[in-house]
Protein chains: 2
Amino acid sequence: MASEKEVSNGVEWRIKIADGSSERLVPEANPASRLLLGIKSFVIGLALKAWKFLQKAWDLGVDDPRKVIHCLKVGTALAVVSLFYYMRPLYEGFGKNAVMWAIMTVVVVFENCVGATVCKSLNRVCGTLLAGFFALGVHSVASQSGQRFEPIIVGASVFLLASAATFSRFIPSVKARFDYGAMIFILTFSLVSVSGYRVDKLFEMAHHRISTIIIGTSLCIIISMLICPIWAGQELYTLTTRNMDKLTTSLDGCVEEYFKDSGSVVESNKKCHKKLQGYKCVLISKAAEESMANFARWEPGHGPFNFRHPWQQYLKIGSSMRSCAYCLEALNGCINSENQAPEYIKRHLNNSSLKVSSNSSSVIKELAITIKTMKKSSNIHSLVGEMNSAVQELQNDLKSLPKLFSPPSMPEADTPENKKIESISRTMVKMPLMEIVPLLTLASLLIEIATRISGIVDAVEELENLAEFKHASNDKC
Amino acid sequence: MASEKEVSNGVEWRIKIADGSSERLVPEANPASRLLLGIKSFVIGLALKAWKFLQKAWDLGVDDPRKVIHCLKVGTALAVVSLFYYMRPLYEGFGKNAVMWAIMTVVVVFENCVGATVCKSLNRVCGTLLAGFFALGVHSVASQSGQRFEPIIVGASVFLLASAATFSRFIPSVKARFDYGAMIFILTFSLVSVSGYRVDKLFEMAHHRISTIIIGTSLCIIISMLICPIWAGQELYTLTTRNMDKLTTSLDGCVEEYFKDSGSVVESNKKCHKKLQGYKCVLISKAAEESMANFARWEPGHGPFNFRHPWQQYLKIGSSMRSCAYCLEALNGCINSENQAPEYIKRHLNNSSLKVSSNSSSVIKELAITIKTMKKSSNIHSLVGEMNSAVQELQNDLKSLPKLFSPPSMPEADTPENKKIESISRTMVKMPLMEIVPLLTLASLLIEIATRISGIVDAVEELENLAEFKHASNDKC
């Protein structure tokens with residue numbers, strides 16, 4: 001499929017080339033030269049494609065050098081295990097199959113972050129042990145029941161246990177932690193119970209397999225922990241604080257953009273677009289957060305985190321950030337509406353809206369600092385208070401908005417009464433409600449965002465308590 | 001970790017029991033009986049936990065019987081492969097290791113849906129072939145370079161190729177399609193190039209391994225396709241149409257709920273809550289959609305879908321549905337605000353808002369029908385037109401909203417002028433803008449949702465063209 005696509009792309013490319021130089025090509029367009037040209041451009045297209053692919057890979061490596069380091073780590077681990085094969089004592093101790101198991105273990109178990117490697121290693125070891133235990137039981141029952149029933153007993157037990165273990169992989173709590181273990185269980189059980197029929201040295205085989213798996217997994221865990229370790233917990237933590245920063249940038253950016261005078265549109269649009277991408281990262285990071293939290297719980301204490309750091313709480317923080325980001329997404333849609341409020345009405349809400357957004361951002365920024373420093377913030381409550389009073393101010397401004405449409409001619413009390421009434425009713429009917437709807441929506445969504453930020457504050461406070469953050473030194477106070 | 005939790009739960013449970021019957025227990029509370037009681041309640045707690053787990057598993061099976069069928073399929077495939085071992089001719093032809101490879105292939109390759117199984121199978125076969133080819137090359141170079149350099153050449157080549165293949169797994173386009181193949185490539189290359197040093201029958205081994213892998217993968221593909229197949233494409237298709245239905249139910253439900261008289265609050269809240277969950281499914285289905293679309297492209301034609309069905313287009317439809325769901329989420333937040341518009345203002349926008357929501361729902365329903373029947377809808381354009389005119393109507397109602405606040409005393413022209421002016425200006429100042437802000441936000445978000453629904457319409461129309469849907473019979477016209 002992929003190669004077909006490449007071909008069609010190559011052809012497209014050729015056609016474009018041919019279009020460009022069609023005058024020269026038309027006279028000598030006989031089938032042979034066309035074929036040659038086709039092959040040539042196909043090869044060039046392929047080379048271009050390969051070049052682009054390599055460029056992309058290079059960018060990926062430059063963008064995150066840890067990925068390159070991970071690859072080198074995998075290469076090292078595999079080379080080390082492969083060289084076991086060349087060491088006579090080890091080879092003679094374990095045999096060729098055993099080295100194979102060690103290689104397989106390294107390939108399958110070595111993951112990008114420490115938590116995933118530990119999770120898979122423990123799953124592999126436990127799954128193998130448990131399955132070996134079961135298989136020995138089945139094997140002893142089967143071997144006592146005579147040659148005729150042996151295949152039936154083995155087949156039935158493989159069928160039953162494999163089905164049950166496969167089903168357990170659908171149960172969410174098992175899937176999150178023991179998915180790989182269940183697979184290894186099925187694999188080992190089938191292998192051992194079947195091979196038990198012929199191989200008499202079952203215990204020796206089990207011993208070899210377990211010891212090589214332990215060698216492989218320990219090697220993986222040691223290499224992944226010692227050489228530039230990537231901790232899933234640290235990643236989750238960084239992702240959370242980075243998402244908070246992005247959320248504040250987007251929030252500030254959107255509201256500022258809305259209230260800015262329509263000056264250099266192109267430049268500001270570009271800038272705004274970049275700022276906007278921030279909250280989109282928050283929207284899509286659910287899956288990444290969940291898998292990291294899953295792996296993080298397998299990791300030993302590292303850096304500022306101890307073994308039982310409440311990683312699940314980061315998921316709650318992430319989900320409350322997402323609920324803010326949803327509002328921001330809706331806000332963004334409303335801001336880009338073609339109905340725009342007149343400048344003088346905008347100006348009326350300008351200050352209070354900006355104040356709400358900047359105070360909301362300050363709260364999130366303070367939360368990010370709380371998480372970054374792992375110290376209880378001393379002034380988060382005052383910041384939340386400021387945010388709430390800014391919300392109150394915005395609500396007051398909204399309340400006083402209708403006054404803008406009350407007759408500005410009130411002082412001119414000397415005009416005839418009738419005329420005045422007319423003018424008033426005209427002003428009222430002309431109240432540009434349609435135009436101010438986006439503005440009101442903005443205000444209402446800002447208030448909603450402030451409410452949802454309280455949810456983030458609660459989640460972070462719960463984290464503070466669970467992880468026993470210390471109080472920050474009260475220098476500021 | 002899990003068992004520790006169980007223990008602590010057991011203890012908690014025991015304490016509660018002890019609390020209940022503390023009068024009877026206090027006299028005979030010696031260490032031995034306490035220990036016995038502890039063990040007893042621990043066992044009971046464990047049994048309760050196991051019972052709950054089994055109940056959950058049972059519910060899961062009842063909820064989706066296809067999962068149970070999948071497990072039985074895996075069990076069958078494994079039992080069949082295991083029995084190969086008992087068939088003399090096969091066993092003697094391939095040897096014990098070969099049967100092992102077949103078992104391993106089945107365990108690793110058999111996935112829930114056909115696409116995933118085919119993807120993994122092809123990846124496994126291609127990865128093995130490619131790696132075997134490379135390994136033979138390296139092996140021949142290494143064996144010509146003398147005993148001393150052989151380990152160095154083999155080690156270096158394992159290091160280099162394993163690093164490169166691991167890196168390729170980070171490239172998104174490779175990760176989406178060939179992740180498993182890259183892993184198998186590393187595995188096979190290491191195994192073959194290392195074992196090549198000792199085993200002289202390299203070609204025979206390669207032949208056996210490839211043939212057993214092909215036996216294993218074909219068995220998996222045949223079983224997964226023939227016995228109650230679960231097609232990733234079909235699943236994606238069902239998910240898309242079901243999400244559309246959920247979106248319409250939520251949209252209708254939310255708006256109706258808002259405009260309903262505040263009668264039976266508890267009952268309606270429950271009902272609304274159920275309806276609301278719909279759009280939340282849309283919000284979180286991105287990851288599921290992506291993996292299904294990834295697998296679906298490996299599937300042969302099935303049911304109404306041919307091999308090159310444009311599955312990627314479903315992702316676009318899903319993402320435009322999500323952009324609607326974001327607005328719905330924000331809408332939901334605003335509706336639950338404590339500021340509620342007075343009834344008479346609500347009534348003013350009641351009809352047009354309900355019309356917008358019901359017309360928007362009709363559009364989505366029609367799109368769902370289009371996808372379900374795979375026939376171009378003849379009246380989607382008229383429905384979109386109706387939706388747009390409903391939006392226009394809502395906008396008109398919004399425009400005329402200020403008239404509500406114009407003096408209702410206009411006909412009473414007989415009152416003194418001064419009093420009238422006062423009453424007018426009081427009405428104006430008292431215009432309950434704060435209270436109607438949620439209503440206006442609702443209207444504005446409804447309009448935004450209608451705009452975003454156009455995005456769904458565009459995406460579905462693109463699907464119609466790409467998948468060459470036929471025109472529906474024009475019975476309705």
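None of the values given here were measured: they were computed from a predicted structure. Here is the naming used below: chain letters follow the sequence lines, and residue numbers restart at 1 for every chain.
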Visitor: Checking heavy atoms, do the side chain of B/Phe110, its backbone, both or neither come under 4.5 Å from chain A?
Guide: neither
Visitor: Where does A/Lys67 contact chain B at under 4.5 Å (heavy atoms): side chain, backbone, both or neither?
Guide: both
Visitor: Might you work through the side-chain contact (heavy atoms from CB on, under 4.5 Å) test for A/Leu440 and B/Thr441, ending with a clear yes or no?
Guide: CA-CA 7 Å; A/Leu440 294 180; B/Thr441 309; 5.7 Å; no
Visitor: Check whether B/Val174 gets within reach of chain A through its side chain, its backbone, both or neither, counting any heavy atom under 4.5 Å.
Guide: side chain
Visitor: Could you tell me which portion of A/Val80 (side chain, backbone, both or neither) has an atom closer than 4.5 angstrom to a non-hydrogen atom of chain B?
Guide: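 For A/Val80, neither part sits under 4.5 Å from chain B.
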Visitor: Heavy-atom distance under 4.5 Å to chain A: side chain of B/Leu445, backbone, both or neither?
Guide: side chain
Visitor: Could you look at A/Asn112 and say if it's the side chain, the backbone, both or neither that has a heavy atom under 4.5 Å from chain B?
Guide: side chain
Visitor: Counting only heavy atoms closer than 4.5 Å, note whether A/Val154 contacts chain B via side chain, backbone, both or neither.
Guide: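 A/Val154 touches chain B through side-chain heavy atoms alone.
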Visitor: Look at the side chain of A/Ser190 and the backbone N and O of A/Ile186, then say whether any donor-acceptor pair between them is shorter than 3.5 Å.
Guide: yes
Visitor: Taking the six-membered ring for Trp and the full ring for Phe, Tyr or His, determine whether the centres of B/Phe170 and A/His70 are under 6.0 Å apart.
Guide: yes
Visitor: So which residue, B/Cys327, B/Ser82, B/Ala77, ends up with the most heavy-atom pairs under 4.5 Å with chain A?
Guide: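 Looking at each option in turn, the highest pair count goes to B/Ser82.
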Visitor: Using the six-membered ring wherever Trp is involved, compare the ring planes of A/Trp298 and A/Phe178 and label them parallel, tilted or perpendicular (cut-offs 30° and 60°).
Guide: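 Ring orientation, 0 to 90° scale: perpendicular.
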Visitor: Using a cut-off of under 4.5 Å on heavy-atom pairs, state which of A/Leu283, A/Val106, A/Val74 scores highest against chain B.
Guide: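 Result: the option with the highest number of such pairs is A/Leu283.
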Visitor: Counting only N and O atoms by type, is there a donor-acceptor contact under 3.5 Å from the side chain of B/Arg452 to the main-chain atoms of B/Ser323?
Guide: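 Side chain of B/Arg452 to backbone of B/Ser323, a donor-acceptor pair under 3.5 Å: yes, one is there.
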Visitor: What part of B/Arg322 gets closer than 4.5 Å to chain A, counting heavy atoms only: side chain, backbone, both or neither?
Guide: neither
Visitor: Name the option with the most non-hydrogen atom pairs under 4.5 Å to chain B; the candidates are A/Ser444, A/Ala162, A/Gly155.
Guide: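 Answer, by heavy-atom pair count under 4.5 Å with chain B: A/Ser444.
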Visitor: Does A/Asn332 reach the side chain of A/Leu328, with side-chain heavy atoms less than 4.5 Å apart?
Guide: no
Visitor: A/Ser173 versus chain B, heavy atoms under 4.5 Å apart: side chain, backbone, both or neither?
Guide: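 Only the side chain of A/Ser173 comes within 4.5 Å of chain B.
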Visitor: So do the side chains of B/Lys286 and A/Lys286 get within less than 4.5 Å of each other, counting heavy atoms only?
Guide: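 Side-chain contact under 4.5 Å: no.
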Visitor: Is the side chain of B/Ser291 donor-acceptor paired with the backbone N or O of B/Ala288 at a distance under 3.5 Å, no angle test?
Guide: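 Yes, the answer is positive, given that a donor and an acceptor are paired below the 3.5 Å cut-off.
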Visitor: At a heavy-atom distance under 4.5 Å, which candidate from B/Leu187, B/Val68, B/Leu442 has the highest pair count against chain A?
Guide: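 Heavy-atom pairs under 4.5 Å are most numerous for B/Leu187.
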Visitor: Indicate the atoms forming the closest heavy-atom contact of B/Ser168 with B/Ala165, along with that distance.
Guide: OG-O, 2.7 Å
Visitor: Pick one of side chain, backbone, both or neither for A/Ile171, based on which atoms fall under 4.5 Å of a heavy atom in chain B.
Guide: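 Both parts, backbone and side chain.
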